[in-house]
Amino acid sequence: MGRNTFREFTEVMPAPLPGAIDCDLHPAVPNLKALLPYLDDHWRDMVEQRGVHELDSISYPNNAPVTARPDWKPETGKAGVDLDRVRKEALDGFQTSLAICNCLYGVQLLYTEDMAYAFARAVNDWMAAEWLDKEPRLRASIVVSPQNPDYAAAEIDRMAEDHRFVQVLLLVMDEMPLGRRRYWPIYRAAERHGLPVGIHAGSSYRHSVTAMGWPTYYAEDSAAQSQAFQAGLTSLITEGVFAEFPDLKVVLLESGFSWLPAHLWRLGKFWRGLRMETPWVDKHPFEIAKDHVRLTIQPRDLPADPAVFERVMAHFDSDEMLLFSTDYPHWQFEGDDALPAGISPALAEKICRDNPLATYPRLKEAMA
Amino acid sequence: MTIETIQKPETAAPAKQALAIADCDIHPSPKSVEKEVFPFLSKHWQEYYNTYGTLLRQPYQNGPAYPKGQPDAARRDAYVPDGGKPGTDLAFMQKQHLDPYNVQLGVLNPLKSGQGLQNPDFAGALCSAVNDWQIAEWTSKDARLKGSVCLPYEDAALSVKEIEKRAGDPNFIQSFMLIRTADPMGNRRYWPIYEAAAEAGLPLAVHAFGFGGASITGSGWPSYYIEDMVGHSQSAQNVVASMVLEGVFERSPKLKLVIVEAGFAWAPSLAWRLDRIWAQNRLELPHVTRPPSEIMREHVWYTTQPFEEPDRRGHLKDTFEWIGWDRLLFATDYPHWDFDDPSRIPLPPADEATRNAFYLQNARDLYGV
Amino acid sequence: MAKHVVAPVADVPPGAHLRVEAGGVPVAIFNLDGEFFGLLDRCPHMGGNLSEGIVIGLVESQKPGCYAYSRAGEIVRCPWHGWEFDIRTGQSRFDPSRWKARSIEVDVEDAQELQAETIDVAQEGDYIVVHL
């Protein structure tokens with residue numbers, strides 16, 4: 001008896017707790033035209049005279065299964081563009097109290113750093129005006145342009161004044177591994193404002209997603225994301241990002257999460273004997289991760305057997321690391337079965353409310 | 001200040017351990033390429049080697065741009081007393097490793113074999129020469145040792161020729177590639193190799209490292225050696241995903257894949273992830289007719305070195321069960337520094353038959369020796 | 001505790017180290033500027049011989065990119081996986097409280113005194129003595 005349909009893989013699970021905080025929601029930029037009001041005259045002119053195309057990353061082909069769950073996909077156009085549907089399907093649908101919007105419009109993929117910076121600013125202003133102003137349950141990540149980390153830091157400084165922005169957003173694959181010092185202006189600015197850095201699945205495609213070149217199938221690109229998170233986490237820890245920025249937290253968004261313990265067992269094993277190469281890493285990498293790293297729970301790379309989730313959590317040896325998410329409108333589960341099967345009420349409470357509140361200090365301002 | 005050991009510590013081996021093992025990852029090297037390998041190379045290639053060296057898709061002539069954690073990436077105590085580099089002397093390997101560790105089966109995986117050379121003709125010639133060298137210097141002299149058919153894998157036709165040349169030769173028990181190929185291993189340019197290996201009854205071992213030229217992460221090149229080491233695990237996951245999702249095992253149902261020197265604890269999460277992605281993308285993958293986890297369970301083995309080391313060794317009990325005890329093959333990686341001592345790895349508890357299978361019988365069953 | 005005479009002092013000058021067997025127990029003897037230290041010659045990780053490791057200094061860091069080097073010659077790195085041990089205390093560098101190489105008491109005694117104890121040594125000079 002094989003498990004041949006997606007439904008059979010998303011085992012029956014409980015719905016999230018009412019009042020849960022959704023840490024990965026994807027309102028979508030419907031098209032570049034929607035951003036024009038948020039560009040200055042010069043960039044608006046550029047878009048129009050050059051016919052700049054849509055910044056739709058190949059990470060989520062518009063009609064690929066994962067990009068939009070069938071019941072969340074409109075007749076025409078992209079999923080996630082209509083506020084009323086987001087309210088009904090995501091916020092009301094899951095009875096979430098707050099949701100963090102991570103806009104995946106591909107500004108990180110452009111090569112021209114000035115243009116990317118302009119678009120990042122436009123996306124953030126669009127997010128504030130079209131979403132945050134209109135729906136009090138929404139919060140957002142600051143989209144930045146990693147092409148120029150100083151520009152990115154400037155954008156963090158600008159948007160951080162608006163406390164509805166609760167995180168900085170990066171994609172897990174960029175020009176260099178994310179721990180490299182080149183990116184430290186971003187982490188410095190985020191830490192200064194008390195903002196976690198959210199690292200989301202996806203790529204700027206400066207490199208092939210695998211260590212041996214470009215894949216054949218979209219499925220392979222998807223599969224490779226968890227390996228990218230592993231390498232990215234290695235880089236953040238090894239380069240000493242958490243030593244340099246001790247108050248910084250990083251949230252791994254849409255990573256699959258069950259890979260984490262095995263990966264840190266391996267990194268820690270080598271670290272014990274290679275400590276001298278990176279002497280600023282003065283604690284076991286797993287301990288560093290427990291202090292600084294969080295992960296959203298969609299998708300769940302788990303089998304149907306609920307006992308396995310329990311064992312994976314034993315391997316995590318921490319109930320503070322997972323954060324609830326729906327990943328709306330991405331298709332990661334059926335119905336409202338958003339939590340892993342067999343989850344205890346206590347852990348569900350932590351994942352749905354306590355851990356997100358502890359990770360995103362600004363969310364508490366809403367709760368007060 | 002010169003710091004030196006006064007008296008070379010006693011290199012006499014400890015008493016032979018009772019536990020009999022298969023070591024599924026041993027790295028022999030030539031003491032002298034001129035003396036040991038040149039006899040199997042034409043004059044042209046000898047001259048070519050002496051003029052250009054071995055030019056790989058890596059920056060330096062002498063090794064990767066990540067200096068190792070120990071010289072030659074070797075155990076410091078594995079240098080041969082007469083001055084030879086680690087892994088170059090059979091007698092010393094027997095004395096230090098094969099005899100005291102009661103190695104009943106040792107699988108040779110030569111790493112400087114011509115694989116990945118920028119010049120594919122040279123790669124073909126050098127791989128074949130290294131295969132001949134394995135017989136001349138190693139497998140003909142110690143019956144416990146079996147060789148790997150090093151393949152010039154970026155040229156499928158040459159690789160098929162090499163497999164056909166060695167098929168049936170009892171000196172070899174597997175065909176051999178390196179993980180970081182120029183394209184992901186599931187890519188159709190490599191399919192003839194898999195068909196030939198499957199037909200020849202040679203499991204395909206794919207070993208950490210490689211010279212495809214792409215950065216080891218999808219986000220570029222990391223800074224540190226430790227990242228390069230840990231990265232083999234991600235590379236191995238890329239390979240398994242590619243082989244499974246490109247339908248290699250559907251096309252070559254007799255093919256057996258051995259992942260060497262990339263650890264193993266990553267495999268369960270990958271299997272679950274691939275199952276989910278496969279189920280959602282059936283439209284793209286009509287050639288994959290079964291869940292990836294089933295395909296992995298049937299076609300993929302893993303050598304356990306470098307053995308993952310959780311704080312609580314009991315956690316590995318889950319990992320072993322999820323993968324299947326019968327898929328796991330003990331290996332030391334002798335003479336490299338991240339050597340796994342068979343009695344000191346945090347192996348989960350198991351009954352004697354299961355333990356013995358892990359240490360020896362799984363390899364015998366896989367390789368049919 | 002038994003006393004084992006393992007080598008004349010001259011055999012282990014400052015900066016050098018030596019593997020000896022004391023009552024069947026392998027011990028790595030180190031001479032740090034005239035002071036002798038002993039470690040069980042088996043790494044607590046997987047049993048590699050510490051006496052075959054390299055003796056190095058300690059590199060520490062307060063900040064990524066900054067390297068503070070000290071204690072030259074006082075750290076031994078296992079020849080296998082490279083775990084660093086403080087020769088003086090046996091403590092590992094990466095987790096001093098939980099992982100240690102076993103320290104073994106080492107002394108220097110004069111041949112005449114050892115003779116008086118009827119321990120078989122040459123007539124003169126100092127000897128390294130291991131207490132186990």
Side-chain angles (χ1 to χ4, degrees), chain B residues 1-15 17 67-81 86 96-97 100-101 222-227 229-230 304-309 311-313 330 332-347, chain C residues 6-22 24-34 36 39 41-57 61 64-65 71-84 87 94-95 98-99 128:
Chain B
M1 172 172 70
T2 318
I3 299 168
E4 59 187 2
T5 309
I6 305 284
Q7 174 185 299
K8 189 82 179 86
E10 181 56 59
T11 51
Q17 73 176 28
K68 306 285 187 181
Q70 305 268 26
D72 299 309
R75 287 169 41 168
R76 298 190 92 102
D77 61 341
Y79 286 81
V80 186
Q96 182 175 60
H97 184 61
Y101 284 103
S223 299
Y224 299 105
Y225 172 62
I226 188 174
E227 299 181 82
M229 288 299 285
V230 176
T304 49
Q305 187 271 345
F307 210 96
E308 281 89 349
E309 293 175 16
D311 248 7
R312 300 199 190 154
R313 53 193 282 173
F330 177 74
T332 67
D333 193 30
Y334 181 90
H336 290 154
W337 63 265
D338 47 337
F339 172 88
D340 271 348
D341 186 295
S343 64
R344 302 294 293 263
I345 49 173
L347 190 67
Chain C
V6 292
V9 159
D11 277 6
V12 192
H17 58 282
L18 177 68
R19 174 189 168 96
V20 299
E21 303 254 333
V25 175
V27 181
I29 308 280
F30 299 85
N31 181 336
L32 304 186
D33 283 323
F36 288 91
L39 296 176
D41 200 16
R42 259 184 233 134
C43 180
H45 179 214
M46 286 205 192
N49 295 341
L50 297 179
S51 59
E52 304 222 47
I54 190 169
V55 174
I56 55 174
S61 175
R71 301 192 59 198
E74 298 205 351
I75 310 294
V76 63
R77 200 158 169 252
C78 176
W80 293 5
H81 305 84
W83 289 21
E84 300 156 285
I87 291 169
F94 74 87
D95 194 345
R98 283 179 59 200
W99 285 96
I128 302 169

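On a predicted model such as this, the values are computed, not experimentally measured, just so you know. A, B, ... follow the sequence lines: proteins, then strands. Residue 1 opens every chain.
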Ala74(B) versus chain C, the contacting section by heavy-atom distance below 4.5 Å: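 For Ala74(B), the contact with chain C is made by the backbone alone.
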
Do Arg75(B) and Glu52(C) come close enough that some side-chain heavy atom pair is under 4.5 Å?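 Sidechains of Glu52(C) and Arg75(B): no contact.
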
Take Trp80(C) and Asp77(B) through the side-chain hydrogen bond (donor to acceptor under 3.5 Å, both in side chains) test and state the conclusion after the steps. CA-CA 8 Å; Trp80(C) 293 5; Asp77(B) 61 341; 3.2 Å; yes

On a heavy-atom basis, which atom in Asp340(B) and which in Met46(C) lie closest, and how many Å separate them?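 Shortest heavy-atom separation between Asp340(B) and Met46(C) comes out as OD1-CE, 3.2 Å.
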
Given Arg76(B) and Asn49(C), is the side-chain contact (heavy atoms from CB on, under 4.5 Å) satisfied, shown in steps? CA-CA 10 Å; Arg76(B) 298 190 92 102; Asn49(C) 295 341; over 6 Å; no

If we ignore angles and hydrogens, is there a donor and acceptor under 3.5 Å between the side chains of His81(C) and Gln70(B)? no

